[in-house]
Amino acid sequence: MLSIRETHPSQAEPILSKHGFNIHNTRIHKLQNHISNSSGDNLILHTRVFCTLCTRKSFKNKRGLIRHERYTHSTYNIPHANLISLPKEAINEFKITIVYLIQWQLSNHSSSIGSQCITISCLESQFVGVFRNYIAWYAPTQQTYECVFTGEYAYETLRSIFGDSNWGIRYYTGSQQTVVILFTPTQTDQEIDDNMKDSGCNTFSQNQNAAKFEMKVKWERRGIKDTINHECTGGFLILRFTMDTAFFNHFNSIISCK
């Protein structure tokens, strides 16, 4: 069989056959396709995925990198440097929108009591503009942020963030109110029973009263792809919290932190 001598531009030595030339081309193109920065944060080389927060730490796949970030960099909370800063007026307007959506969720109907979830379209710069000082974790690979507000002063913290003293409480006729629960004072079994009798509130059982209430705030980037690999992405803000209803003054000790 006659050999074909072809010289590749990047090779000093000639390739002795057409078959060898095709193998060489395939390897070069595969390497070039694997050298990318599709997420803007991680470099993929020979199917190895590199962590941008460690020195020369690499993994076989993206799943391994995500697991590594979760356990090794669980306190990393610095947004990426190229994030665009929005005007203060735009951030304040977005805060008003968040409060409106929370208030809309605070229904006085008994079927609406318990765990709640609000999901809205949100720019990454909007999220960081509102919650920058309270970000608990940022995952560069997944492009997600997380914040958690809980404890005695959580309501006051969110009051300061949103600039609205009644962000998490909505009043209804007949002295009824619906409230976002972020903290429950330590009480004896008898005090719990007495309070529930006085308030007419029987939504939460004794075990639920002892549970840890909190507001989890998360930002994530979601994407969809069709059969021709056309991909679209968008950012979303997710709020998860618990709410309850009672009569006026029942929640004073919960939302007052003075």
Side-chain angles (χ1 to χ4, degrees), residues 41 53 65-80 83 91-92 94-106 112-170 178-187 203-205 207-222 234-244 251 253-258:
D41 293 305
L53 306 178
L65 176 57
I66 291 173
R67 188 184 304 111
H68 166 76
E69 286 183 348
R70 168 64 70 177
Y71 292 104
T72 305
H73 304 292
S74 59
T75 59
Y76 184 77
N77 62 354
I78 303 174
H80 64 83
L83 194 64
I91 297 299
N92 289 338
F94 185 60
K95 291 179 181 179
I96 294 173
T97 300
I98 295 175
V99 172
Y100 164 78
L101 292 172
I102 294 174
Q103 288 284 306
W104 178 262
Q105 201 78 4
L106 296 179
S112 301
I113 302 308
S115 299
Q116 306 294 321
C117 179
I118 299 174
T119 302
I120 57 173
S121 177
C122 171
L123 298 175
E124 182 178 359
S125 54
Q126 288 179 308
F127 173 86
V128 174
V130 175
F131 298 102
R132 177 186 296 274
N133 297 327
Y134 303 93
I135 297 172
W137 183 53
Y138 169 57
T141 300
Q142 292 180 292
Q143 296 187 39
T144 61
Y145 296 84
E146 291 182 5
C147 307
V148 178
F149 300 92
T150 187
E152 184 177 357
Y153 300 101
Y155 193 94
E156 178 64 27
T157 299
L158 287 165
R159 177 186 296 172
S160 175
I161 291 174
F162 295 140
D164 189 326
S165 59
N166 290 324
W167 70 268
I169 181 170
R170 187 174 179 183
T178 305
V179 179
V180 175
I181 306 296
L182 301 177
F183 168 73
T184 54
T186 303
Q187 295 177 308
T203 302
F204 293 112
S205 67
N207 291 335
Q208 286 173 311
N209 186 85
K212 180 182 180 181
F213 295 106
E214 61 188 11
M215 174 176 279
K216 289 186 176 181
V217 182
K218 182 179 182 179
W219 185 90
E220 65 182 17
R221 185 173 298 282
R222 299 176 180 178
F236 293 87
L237 173 67
I238 305 166
L239 305 172
R240 298 183 185 276
F241 55 90
T242 302
M243 72 181 196
D244 193 13
F251 291 116
S253 62
I254 297 176
I255 65 174
S256 299
C257 303
K258 296 180 179 180

Audit row: V99, K95, side-chain contact (heavy atoms from CB on, under 4.5 Å) steps and yes/no: CA-CA 6 Å; V99 172; K95 291 179 181 179; 5.6 Å; no
Could you walk me through whether T242 and V180 pass the side-chain contact (heavy atoms from CB on, under 4.5 Å) test, one step at a time? CA-CA 6 Å; T242 302; V180 175; over 6 Å; no
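Nearest approach of L106 to I169, heavy atoms of both residues: CD1-N, 3.9 Å. The two atoms that bring I135 and P79 nearest to each other are CD1-CG, 4.0 Å, heavy atoms only. Between C117 and I238, the shortest heavy-atom distance links the atoms SG-CG2, 3.8 Å. Residue C147 comes nearest to Y134 through the heavy atom pair SG-O, 3.3 Å, listed as atom of the first residue, atom of the second, then distance.
Side-chain atoms of L237 and F94, non-hydrogen and from C-beta on, do get closer than 4.5 Å to each other. Looking at I91 and V130, their side chains come closer than 4.5 Å, going by heavy atoms from C-beta outward. Side-chain contact between F149 and V217 is present, with heavy atoms from C-beta onward closer than 4.5 Å. Here the side chains of R221 and F236 are not in contact, with every heavy-atom distance at 4.5 Å or above. Side-chain contact between E146 and K216 is absent, with no heavy atoms from C-beta onward closer than 4.5 Å. Side-chain contact between D164 and R159 is absent, with no heavy atoms from C-beta onward closer than 4.5 Å. Using a 4.5 Å cut-off on side-chain heavy atoms (C-beta onward), T119 and R222 make contact. Annotation: side chain of I102 is in contact with side chain of M215 (closest heavy-atom distance under 4.5 Å).
Separating the CG atom in N133 from the OG1 atom in T157 is a distance of 11.5 Å, to the nearest 0.5 Å. We find the SG-CD distance between C122 and E220 to be 11.5 Å, quoted to the nearest 0.5 Å. Separation of atoms CG (L101) and CG (L239) is listed at 8.0 Å; rounding is to 0.5 Å. Once rounded to the nearest 0.5 Å, the distance linking CD1 of I98 with CZ of F127 reads 9.0 Å. Interatomic distance, Q105 CD to T178 OG1, rounded to the nearest 0.5 Å: 11.0 Å. Rounding to the nearest 0.5 angstrom, the gap separating the CZ atom in R240 from the CD atom in Q116 is 11.0 Å.
A donor-acceptor pair shorter than 3.5 Å cannot be found between the side chains of H80 and Q143.
A perpendicular orientation is assigned to the rings of Y145 and W219, their planes being inclined by more than 60° (bins at 30° and 60°).
Between Y155 and W167, the ring center distance clears the sub-6.0 Å criterion.
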